[in-house]
Engineer: 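Structure below; questions to follow.
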2 protein chains.
Amino acid sequence: MPHDDAPLPSVWARPRAPRRPPALSREQIVTEAVRLLDSEGVDALSMRRLGARLDTAATSLYRHVANKEELIELAVDEVYGEMPTPGPGTPEGWRAAAAAGAREMRAVILRHPWIVSVLGEVGLAYLGPNMMRYSEGMLGVFTAAGFGLEDADRALGTLSAYVVGTATGEAAWLVKLARSGRTEAEWAAGLWPAAEAAARPYPLLSAFYTAQRGKVAPATRDADFDFGVARVLDGLEAWAGRGGG
Amino acid sequence: MPHDDAPLPSVWARPRAPRRPPALSREQIVTEAVRLLDSEGVDALSMRRLGARLDTAATSLYRHVANKEELIELAVDEVYGEMPTPGPGTPEGWRAAAAAGAREMRAVILRHPWIVSVLGEVGLAYLGPNMMRYSEGMLGVFTAAGFGLEDADRALGTLSAYVVGTATGEAAWLVKLARSGRTEAEWAAGLWPAAEAAARPYPLLSAFYTAQRGKVAPATRDADFDFGVARVLDGLEAWAGRGGG
DNA sequence: CGCCCGGCGCGAACGCCGTGCGCTACGGTG
DNA sequence: CACCGTAGCGCACGGCGTTCGCGCCGGGCG
């Protein structure tokens, strides 16, 4: 049970100068926000709850962060910091380097699936330092492969769009799954009747769903992702081989 | 100025059975929600405001919709209803049909840019009837091109991921733009110093930004989108030509 | 040494939000 | 005419983001 924490009259109990360092920094706030988002999801992030986790009042956070939107942008770039800098990229090895960069980005998103819930407000957070570092590395991979700067940007844009789009669907699925508290197999089984009913008017979808029944595994998602990356890189490679734009 | 609408004692003014039809339907609610989202954005959608627009109380909406999340899912599928059914797709013309489907999807998202703010919660809204119809059509395009059912699904997944990823970035940009009330050129000009500063440590990004200065136009976005679609389709076509998986 | 000042943390408050509860009004049914 | 199921809604609860102004405190300056 919570104890009564009304101020005690005793001198002995009075804490002496408990806060020598500024007690709060933007870095701490962002770090804790990411932790909260990771563990409880995007709906659980409120200034009050975040303040409570930092043993401070919600309003104190505003000394270090303009508003919640800015906090979220900082949190997004914070997690992008987990991506290693892509590259260096050699003329022969550029496909592997680009694919590795794509996989890293997907991995980060799936480790922090709340990110896709805010991507629509933040865009791709182009200007965050970690995103910049990543983009520079990827541009290096493509230019080393012989792409001109403008072509490298379009290649990166195409690949990144694929990654974000894939990860959006995957992360949304993972979030629903986690909220449900069930295993993936249980959840899929529970969803199946609805899916089958919704697909009934459509022969191709029905055939596909019945063929796929029971095959929903993380391995399938990984393979599907790699498939898409390979096709995108194939397309970019063929285009570069034809002389590009 | 708003008039006083306290109940009048006069019999003549009393409205007689003003509500013969059920006065409210799920369809009306969803339609009005989409209108509100289109005109004022995702933050403006609240049950109270939506109720006010329908001349009803917020709580009345719950007779027709389980909760806000369900309402949003319905709204998402509602806008997907704007997409024509893709197809039919001939062995020769499958690329054009697939590209048309992709363009329609992007167009819908850009017409309703709030959708990317909720896509992370809703996933790709796989089970909505309009999304099902779209998927069936696209699967038909790919199977007519000679793809097996499973391969058609992966092709569709790859292409859709690209579309969603691209549109996410574009829509987020458009929303920020609209909220700012400035023209695209003004907004880009205002953002430029920050972008340049953020890019300064990175030679490729700096070179690219300075080269691109002033070129941000809708035409560029359209061209970039078509570029990516072409590369993805190139990749899929080459893979199918090699015999697929 | 004393005083002021700038910045930090915070309590209170404002105007919203989603939604559960239980009442009322009313058309259709026996 | 009594009953019942249901649509609509008033109220209330707990929580939200954010603003404002106050108190506190350490450091610089007179």
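To find a chain, count down the sequence lines: A is the first, B the second, and so on, and within it residues start at 1. Every value quoted in this text rests on a predicted model; they were computed, and no experiment measured them.
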Engineer: Would you kindly give the CE-to-C1' distance between B:Met47 and D:dG15, to the nearest whole Å?
Structural biologist: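 That distance rounds to 17 Å.
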Engineer: Base, sugar-phosphate, or nothing for B:Leu54, non-hydrogen atoms under 4.0 angstrom?
Structural biologist: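 Result for B:Leu54 = nothing.
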Engineer: A:His64 side chain N/O closer than 4.0 Å to the phosphate oxygens (OP1, OP2) of C:dG9?
Structural biologist: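 For A:His64, the contact criterion (side-chain N or O under 4.0 Å from OP1 or OP2 of C:dG9) is met.
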Engineer: Do B:Thr210 and B:Trp192 have side chains that get closer than 4.5 Å, going by heavy atoms?
Structural biologist: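 Contact flag for B:Thr210/B:Trp192 side chains = yes.
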Engineer: With a 4.0 Å cut-off on heavy atoms, is B:Thr59 in touch with a base, just the backbone sugar-phosphate, or nothing at all?
Structural biologist: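 Base, at least one base heavy atom under 4.0 Å.
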Engineer: I need the OH-C1' distance between A:Tyr62 and C:dG11, as an integer number of Å.
Structural biologist: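 About 15 Å, once rounded to whole Å.
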Engineer: Between A:Glu40 and A:Arg179 (salt bridge meaning N to carboxylate O under 4.0 Å), is one present in this structure?
Structural biologist: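 Salt bridge between A:Glu40 and A:Arg179, a charged N being under 4.0 Å from a carboxylate O: no.
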Engineer: Under the side-chain contact (heavy atoms from CB on, under 4.5 Å) rule, what do B:Glu78 and B:Glu73 come out as? Steps first, then yes or no, please.
Structural biologist: CA-CA 9 Å; B:Glu78 172 91 355; B:Glu73 287 184 31; over 6 Å; no
Engineer: Starting the side chain at C-beta, find the nucleotide from C:dC23, C:dG9, D:dT18 nearest to B:Arg63.
Structural biologist: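 Nearest listed nucleotide: C:dC23.
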Engineer: Rounded off to whole Å, could you give me the CG-to-P distance for the A:Leu45 and D:dC16 pair?
Structural biologist: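 Those two atoms, CG and P, are 10 Å apart.
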Engineer: Closest nucleotide of DNA chain C for A:Ala57 versus for B:Glu69: which of these residues is on the 5' side?
Structural biologist: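 Final value for this comparison: A:Ala57.
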Engineer: Ignoring backbone atoms, test whether A:Ser60 places a side-chain nitrogen or oxygen under 4.0 Å from the OP1 or OP2 oxygen of C:dC10.
Structural biologist: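 For C:dC10, OP1/OP2 do have a side-chain N/O of A:Ser60 under 4.0 Å.
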Engineer: Determine whether any donor atom in the side chain of A:Arg48 lies under 3.5 Å from an acceptor atom in the base of D:dG17, or the reverse, and answer yes or no.
Structural biologist: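 In this structure, the two groups form a donor-acceptor pair.
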Engineer: Could you give me the CA-CA distance, side-chain angles and deciding distance for B:Leu45 and B:Lys68, then say whether side-chain contact (heavy atoms from CB on, under 4.5 Å) is met?
Structural biologist: CA-CA 9 Å; B:Leu45 177 66; B:Lys68 193 180 179 183; 4.2 Å; yes
Engineer: Please give, in whole Å, the distance from C:dG7 P to A:Arg26 CZ?
Structural biologist: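 Checked: the CZ to P distance equals 16 Å.
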Engineer: Tell me if the centroids of the rings in B:Phe225 and B:Tyr162 come within less than 6.0 Å of each other.
Structural biologist: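 Ring-ring flag for B:Phe225/B:Tyr162: true, centres closer than 6.0 Å.
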Engineer: Using a 4.0 Å heavy-atom cut-off across all strands, classify A:Leu71 as base, sugar-phosphate, or nothing.
Structural biologist: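 No contact at all - A:Leu71 keeps every heavy atom at 4.0 Å or more from the nucleic acid.
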Engineer: On the nucleotide D:dG15, are OP1 or OP2 found under 4.0 Å from the side-chain N or O atoms that A:Ser46 carries?
Structural biologist: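 Checking A:Ser46 against D:dG15: no side-chain N or O falls below 4.0 Å of OP1 or OP2.
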Engineer: Report the distance from atom CD of B:Gln28 to atom P of D:dG8, rounded to the nearest whole Å.
Structural biologist: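 Answer to the nearest Å: 9 Å.
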Engineer: Whole angstroms only, please: what is the CG-C1' distance between A:Leu61 and D:dC16?
Structural biologist: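 Going from CG in A:Leu61 over to C1' in D:dC16 covers 14 Å.
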Engineer: Just the rounded figure in Å: distance from P of C:dT19 to CG of B:Asn67.
Structural biologist: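 One finds 5 Å between P of C:dT19 and CG of B:Asn67, rounded.
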Engineer: Grab the CG-P distance between A:Leu24 and C:dG9 for me, whole Å please.
Structural biologist: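 Going from A:Leu24 (CG) to C:dG9 (P), I get 5 Å.
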